[in-house]
Amino acid sequence: MSTPQAIRGTQDIFGAEAEAFAHVVETFERVRKLYRFRRIEMPVFEKTEVFSRSIGETTDVVSKEMYSFEDRGGESLTLRPEFTAGIARAYLTNGWQQHAPLKVATHGPLFRYERPQKGRYRQFHQLDAEIIGAPEPQADVELLVLADQLLKELGIADGVTLMLNTLGDGASREAWRLALIDYFRAVQGQLSEDSQERLERNPLRILDSKDPRDKAFVADAPKIDDFLSGEAQDFFGAVTSGLDAAGVTWTRAPSLVRGLDYYRHTAFEFVTDRLGAQGTVLGGGRYDGLVESLGGPPTPAVGWAAGIERLAMLVGEVPTQQDVEIALVPRGDLAEALALEVFYILRRAGVGAELAYRGSPKNRFEKAKKAMIPRLLDVGSSDGEIGVLLIRDINVAETSPEPVRKRIKDALSQHFVITDPNPEFPRSIHLVRRK
RNA sequence: GCGAUCGUAGCUCAGUUGGUUAGAGCGCCGGUUUGUGGUACCGGAGGUCGUGGGUUCGAGACCCAUCGAUCGCCCCA
């Protein structure tokens with residue numbers, strides 16, 4: 001019998017990587033509460049049009065990366081390739097307007113049919129934070145400060161920089177786009193093949209190109225700053241001064257653009273050079289046009305998403321807190337039952353205990369050592385009623401074993417009478433079952 | 001979707017210009033020794049060499065295809 005393989009681009013996460021993954025999510029949950037973003041849960045799939053209408057038909061994500069399929073009723077559905085569109089849909093269909101401005105956060109799996117690479121998967125996971133219904137630049141600032149604090153609390157802020165740009169309002173962006181098309185069309189033949197393609201579909205993307213043939217022209221390409229309306233300028237100014245006031249360092253990146261159609265005004269990425277080609281760790285921006293494209297009223301909104309796998313890779317080894325405090329080692333068959341009883345008494349009392357199911361006392365002891373469990377409860381028994389327990393500390397450097405020892409004694413004393421220890425073995429505890 | 005590198009035990013790898021029963025370390029299982037201990041020693045299990053074809057007297061090594069991983073492009077978080 002052959003074993004089916006996992007699907008390409010999916011991952012089974014275990015061990016240190018799983019710990020790092022959980023650490024990222026837990027840190028996000030903590031910081032998000034601090035900033036009072038409300039937790040939401042979203043479906044993993046939506047009607048295909050939710051994404052095609054909002055993200056843009058011509059974008060790569062929609063045109064070649066979506067997992068779309070017909071359900072048994074003949075409806076076209078799509079596994080979510082991102083959070084924002086679904087959240088905008090939920091905002092409309094659930095009447096969340098009544099809570100505007102609404103600050104929400106979520107996390108979970110997303111799906112994109114891409115060539116897998118390190119830090120890029122077909123099922124990947126993101127953190128997501130959005131503010132819907134707030135036209136003020138302060139909303140952009142709050143979101144960015146949240147992102148900044150998250151990275152700091154994860155301990156990875158040092159290698160990561162905030163690249164910031166504005167795309168202007170709809171009119172600014174369109175004027176700039178046309179100017180870019182004019183500019184690049186004049187030199188079309190000298191651009192890379194990719195960029196010649198991009199010229200029609202998404203000319204802003206040419207600015208991002210890594211191809212030296214393109215870079216030669218990018219330097220002198222029209223700048224967004226020349227097309228910004230006064231309002232758009234003021235808006236961006238308010239965002240940057242807000243960041244300065246909050247003590248968030250940023251770098252202006254005039255050629256930073258976003259691939260999805262719905263972005264306006266603020267656009268940003270937190271990037272690192274420590275992940276090779278997948279350098280963007282968190283990205284987002286303002287998407288004032290999105291809710292409208294789903295048939296809703298004009299609704300200003302900002303948001304970002306961050307790749308959990310990429311953050312977890314930067315975090316590296318997470319110091320796993322020592323939650324197993326004591327290992328029980330029974331000696332002999334009679335002690336086995338007593339150990340089991342003590343084991344569950346301790347766990348119910350909140351003491352992290354471990355009991356290996358099999359092996360000789362020596363074997364179980366070796367296991368405890370290897371698992372780095374700092375304390376050992378040596379369970380002996382001379383008959384069914386009287387037990388001799390001996391607490392040993394494996395780690396001699398342990399500064400204060402007494403509090404734990406006291407917690408253990410307190411828990412046991414509810415079920416056993418603890419008699420005076422034998423002076424020969426001062427660390428032993430003698431137990432007699434309470435009637 | 002394009003280009004490149006790689007795929008041998010649970011893990012990390014070795015395997016010489018193609019040549020007998022494919023190896024090591026760690027891990028795992030069992031045992032001996034050790035009674036404040038992460039020791040030492042002995043033994044054991046575990047591999048259709050990613051998969052499928054081909055070349056050859058003979059393939060883990062060479063060729064083709066396929067699947068997967070990695071790196072870059074593209075895209076994006």
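Below, chain A is the first sequence line, B the second, and so on; all start at residue 1. Note that the structure is predicted; figures quoted are calculated from it, not measured.
Applying the salt bridge (Lys or Arg N to Asp or Glu O under 4.0 Å) rule to A:Arg115 yields no partners; only residues at least two apart in sequence or on another chain are considered. A:Tyr35 meets the ring-ring contact (aromatic ring centres under 6.0 Å, His included) test with no other residue; sequence neighbours excluded. Residues that satisfy the salt bridge (Lys or Arg N to Asp or Glu O under 4.0 Å) test with A:Lys152, not counting sequence neighbours, are A:Asp148. Under the salt bridge (Lys or Arg N to Asp or Glu O under 4.0 Å) criterion, A:Arg177 pairs with A:Glu174, not counting sequence neighbours. Considering only residues two or more places apart in sequence or on other chains, A:Glu197 meets the salt bridge (Lys or Arg N to Asp or Glu O under 4.0 Å) condition with none of them.
For the salt bridge (charged side-chain N to carboxylate O under 4.0 Å, His left out) condition, the pairs that include at least one residue of residues 180-189 of chain A, sequence neighbours left out, are A:Arg185-A:Glu200. Within the structure, salt bridge (charged side-chain N to carboxylate O under 4.0 Å, His left out) contacts touching residues 116-138 of chain A (residues at least two apart or in different chains) do not occur. Residue pairs meeting the salt bridge (charged side-chain N to carboxylate O under 4.0 Å, His left out) criterion with at least one member in residues 78-92 of chain A, sequence neighbours excluded: A:Glu46-A:Arg89.
In this structure, the side chains of A:Val25 and A:Phe21 come closer than 4.5 Å at one or more pairs of heavy atoms. Contact annotation: the side chain of A:Thr27 approaches that of A:Leu150 to within less than 4.5 Å [non-hydrogen atoms, C-beta and beyond].
With hydrogens and angles ignored, no donor-acceptor pair under 3.5 angstrom links the side chain of A:Arg115 to the base of B:C75. The base of B:C75 lies outside donor-acceptor range of the side chain of A:Arg198, with no N or O pair under 3.5 Å.
The listed nucleotides are B:U70, B:A77, B:G72; the one nearest the side chain of A:Lys118 is B:U70. Among the nucleotides B:C73, B:A77, B:C75, the one closest to the side chain of A:Arg205 is B:C75. With B:G1, B:A69, B:C76 as the choices, the nucleotide that has an atom nearest any side-chain atom of A:Arg120 turns out to be B:G1.
In this structure, A:Glu65 reaches the sugar-phosphate backbone alone: every heavy-atom distance under 4.0 Å involves primed, P, OP1 or OP2 atoms, never a base. Residue-level contact check: A:Arg8 touches the backbone only, with heavy atoms under 4.0 Å from sugar-phosphate atoms and none from bases. Counting non-hydrogen atoms under 4.0 angstrom, A:Phe270 reaches nothing in the nucleic acid. At a threshold of 4.0 angstrom between heavy atoms, the contacts of A:Gly279 with the nucleic acid are absent.
When the P atom is compared between B:G27 and B:C63, the two are found 38 Å apart, to the nearest whole Å.
The residues A:Asp225 and A:Arg252 are annotated as salt-bridged, a charged nitrogen and a carboxylate oxygen being separated by less than 4.0 angstrom.
Listed in residue order, the members of residues 209-217 of chain A having a heavy atom less than 4.0 Å from RNA chain B are A:Lys210. Taking every heavy atom of residues 284-292 of chain A and every atom of RNA chain B, no pair lies under 4.0 Å.
Between the side chains of A:Glu309 and A:Gln11, a donor-acceptor pair is found at a separation under 3.5 Å.
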- Could you spell out the base pairing of RNA chain B in dot-bracket, with Watson-Crick or G-U pairs whose two distances are under 3.5 Å, [ ] crossing and | to another strand? (((((((..((((.....[...)))).(((((.......))))).....(((((..]....))))))))))))....

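Looking at A:Arg310, its side chain does come within 3.5 Å of a backbone N or O of A:Gly119 through a donor-acceptor pair.
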Are there any protein N/O atoms within less than 3.5 Å of an N/O atom in nucleotides 6-12 of chain B, and if so, which ones and at what distance?
none

